[in-house]
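Working notes, structure below.
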Amino acid sequence: MSGAIDRPDPKPPSVDRLALLWRRLYDQKLVQWSVAYIALAYGIQHGVVLTSDALDWPHVVSRISILLLALGVPLVMTLAWYHGDRASRQFSKAELSILSVLLVIGSLLFYVFVRPTVDIASPGAQQAGVTAARSAATSTIGAISLAVLPFVNLSSDKEQEFFSDGMTEEITAALAKVPDLRVVGRTSAFQFKGQNQDLRSIGQSLAATHLIEGSVRKEGNRVRITVQLIKSDDGTHIWSENYDRELTDVFAIQEDVARAIATSLRMPLGLKPGENLVNNRGIDPESYQQFLRSRAVLQSGGPSNAAEAQALLEQVIARNPDYAPALARLSFSYTQPTIIQPALGAAPPGEARRIVETYLSKAEATAKRAIQLDPNLPGSYVTLGFVMFLHGNLLMSEDMMQKAFALDPNDPDTLNLISLLLAARGQVKEAVSIRQQLRSLEPFVPTYNRFTAVHLWVDGQNDAAIAILQAQPPDEFNRSNLLAMIYASMGRYAEAADMLANVPPGQISAAVSKEAARLLRTAPVSRPAPQSLPQLGGGAWVYLYVGAPERALEPFESRVAIGLPDPIPAPWVWHASYAPVRKTERFKAYVRNAGFVDYWRAKGWPQWCHPVGTDDFACE
């Protein structure tokens, strides 16, 4: 029997190495630092999620915070390895550089995604411009942008064109409610109606990454709608569908189309349980067709068409008193006689004021009723804001525009009015910023482009303003007059006079345009008796260059006299050519009567004006 004692086999070398590695990690405090960091990161992420929910931050904030915290893990492990057992060791320059870069990147990412929305018409907008409520929807870089082209009318009755156009508008409005979907060319897309242009060209013109094409065939009580979603850069068909249903199902078709498109683009609908993209469905088919027809009539322009649209909408509301979209459109139709009614210019001020007050009172009451029925309909706030805008109640107009903006930050009408309100406060650069955003959304709407040109001119961007106006058709309303005004401000009096002499009929009377051109050919001059000059109406800006600068206010004053102290002309008075006018008592009287001074006191003074004492002010 042997006296040897059995011994256990020695540990494998791999076990010793693992034990040594674990001991080294523990000594360097790598494990302790990592566990502590993970616990801290969990608490931070939980706090970010709770804060995001409370402040309605976009979901991307949580994703970014997770990414940043995950990037911190290797950083913490590296620091632990170098400093875990030597607390007194200083950081090297390389380590400090890495830390600084990571902190800067993290700070920038955090700011980009959680910066607060700027008050769209507040002094704070001077530095930030307009920050859209939804960053993905307002960014043109890397974002999906969609344009709905006019649906083709395949009905045997060609008079049903209004119905196919109406379907285009309604589906566009439904898609505009998708939070992160940037819908462009809501009106400009109709520029391509009936044109067989290349889709890539259309996409580039509208700055749209995707296009929707469709057709509508309505026969009796049935409607067949065909829709297809297309990538504009290569013409790829992403999705298509046919809907063949009863006319009573038209709202369901609109809802289905909008949802299918959003799903195809992988866009979350952002709806609460029970909510729809198409909410206003309480209307019978016949009334709904009248509602769609009113849009086509109203867009045709002119006093008679405005009256016809009012009659159609009043019939619709008589049968459907709670249909908010019809009320909002009726309210807008009531504003049209104050803008396009030729009789206003010829009527005595008292009679003109009575007409204006009648229509604006009806417009205000109707818009308020629409808001009461549907507080989430952006068009109701836009319409009421426009009514207040015309009435000179700029504070309430701004309040309505902010509410409309919160519901739809890409609504063109909202952006248009916001820019005019900013211009009324003399915030010209901020107004130009919004005009450029509006132009990216609606590049082919003449009214928008005219105002954009004026804002650019006031901002000193003459060439850009001229380019926009020259791109419009020669007979476009006020194009020639605005070009002449810009040329004159640049000292190009002969070109300005030639442009005035050829103003198309129906804009400025032939006698006035001829006289304004004659006077402008004498510029610049100084006259001892400015009041001896003839009336120039819409060409009153010529007075600036022929020795009667104060008389350039006459068109603005005439609008105040009939109860339309709206700030539409406001951008003009901030141009350098109006500097002599701003120093006069007549200018001070005009802005007081128009309600601008009260607005300035509440929201901030233009850079050219400042308060003096408690009741007075001065401009330069």
Side-chain angles (χ1 to χ4, degrees), residues 150-151 153 155-174 186-187 190 193 216 218-221 223 225 247-251 253-254 278-344 355-356 358-374 377-384 386-387 390 413 447:
F151 285 16
N153 174 33
S155 305
S156 57
D157 182 4
K158 297 306 177 186
E159 294 299 319
Q160 294 295 318
E161 194 83 14
F162 75 89
F163 190 83
S164 58
D165 288 349
M167 286 299 97
T168 306
E169 182 190 52
E170 297 286 272
I171 290 173
T172 302
R186 303 186 198 184
T187 300
F190 279 84
K193 183 177 180 178
V216 177
K218 187 170 81 70
E219 301 293 345
N221 291 324
V223 59
I225 298 179
L247 195 58
T248 52
D249 292 332
V250 67
F251 296 112
I253 296 175
Q254 295 168 10
V278 180
N279 293 317
N280 293 284
R281 306 186 184 199
I283 185 172
D284 62 276
E286 181 181 352
S287 296
Y288 184 62
Q289 291 182 73
Q290 276 190 294
F291 170 72
L292 296 181
R293 188 185 295 276
S294 71
R295 171 194 174 276
V297 173
L298 196 57
Q299 287 194 334
S300 298
S304 61
N305 287 326
E308 181 183 351
Q310 289 169 23
L312 286 170
L313 290 165
E314 286 168 350
Q315 293 173 26
V316 170
I317 293 167
R319 294 191 297 267
N320 307 270
D322 295 337
Y323 192 60
L327 286 163
R329 184 171 294 171
L330 179 61
S331 174
F332 178 75
S333 74
Y334 285 145
T335 68
Q336 297 309 287
T338 70
I339 301 172
I340 59 178
Q341 179 60 266
L344 285 180
I355 295 173
V356 167
T358 298
Y359 278 110
L360 291 188
S361 295
K362 293 167 70 174
E364 179 179 352
T366 308
K368 287 181 176 178
R369 172 64 177 159
I371 291 173
Q372 181 183 16
L373 289 169
D374 187 354
L377 184 64
S380 300
Y381 295 102
V382 174
T383 303
L384 183 56
F386 184 53
V387 173
L390 292 173
D413 290 333
T447 303

Distance, nearest 0.5 Å, that separates CD of Q299 from OG of S294: 9.5 Å
Report yes or no: do S155 and D157 form a side-chain donor-acceptor pair below 3.5 Å? no
Just by modelled atom types, is the S333 backbone N or O under 3.5 Å from a matching donor or acceptor in the Q310 side chain? yes
List the steps and the verdict of side-chain contact (heavy atoms from CB on, under 4.5 Å) for D165 and K193. CA-CA 10 Å; D165 288 349; K193 183 177 180 178; 2.7 Å; yes
Can you check whether A328's main-chain N or O pairs, donor with acceptor, with S380's side chain at less than 3.5 Å? no
Does S164 offer a backbone N or O that forms a donor-acceptor pair with the side chain of T168 under 3.5 Å? yes
Close side-chain approach of F332 to V382, heavy-atom, < 4.5 Å: no
Keeping to residues at least two apart or across chains, list the salt bridge (Lys or Arg N to Asp or Glu O under 4.0 Å) pairs with something in residues 305-329. E169-R329, D322-R369
Can a donor-acceptor pair be found between the side chains of N279 and D374 at a distance below 3.5 Å? no
Note, V297 side chain near F162 side chain (heavy atom, < 4.5 Å): no
Distance from F163 atom CZ to E161 atom CD, nearest 0.5 Å? 12.5 Å
So, taking the atom named CD in E364 and the one named OG1 in T335, what distance separates them when rounded to the nearest 0.5 Å? 13.0 Å
From CA spacing to verdict: side chain to side chain donor-acceptor pair (under 3.5 Å), Y288, E170: CA-CA 12 Å; Y288 184 62; E170 297 286 272; 2.8 Å; yes
Test item: F151 and I171 side chains (from C-beta on) under 4.5 Å apart, heavy atoms: yes
Spatial distance of atom OG1 (T338) from atom CD1 (I355) [nearest 0.5 Å]: 10.5 Å
Could you report the tightest heavy-atom contact between A326 and V316, atom names first, then the distance? CB-CG1, 4.0 Å
Measuring from N280:CG to N320:CG, what's the distance to the nearest 0.5 Å? 11.5 Å
Working note: I253 + M167, criterion side-chain contact (heavy atoms from CB on, under 4.5 Å); need CA distance, chi angles, decisive distance, verdict. CA-CA 10 Å; I253 296 175; M167 286 299 97; over 6 Å; no
Nearest-0.5 Å distance that lies between atom OG1 in T172 and atom CD in Q254: 10.0 Å
Got a sec, which residues hit side chain to side chain donor-acceptor pair (under 3.5 Å) with S156, two or more places apart in sequence or on another chain? E219
Residues I283, F251; criterion side-chain contact (heavy atoms from CB on, under 4.5 Å); working and verdict: CA-CA 10 Å; I283 185 172; F251 296 112; 3.5 Å; yes
Among I317, L312, L313, which residue meets the side chain to side chain contact (heavy atoms under 4.5 Å, CB included) test with F291? L313
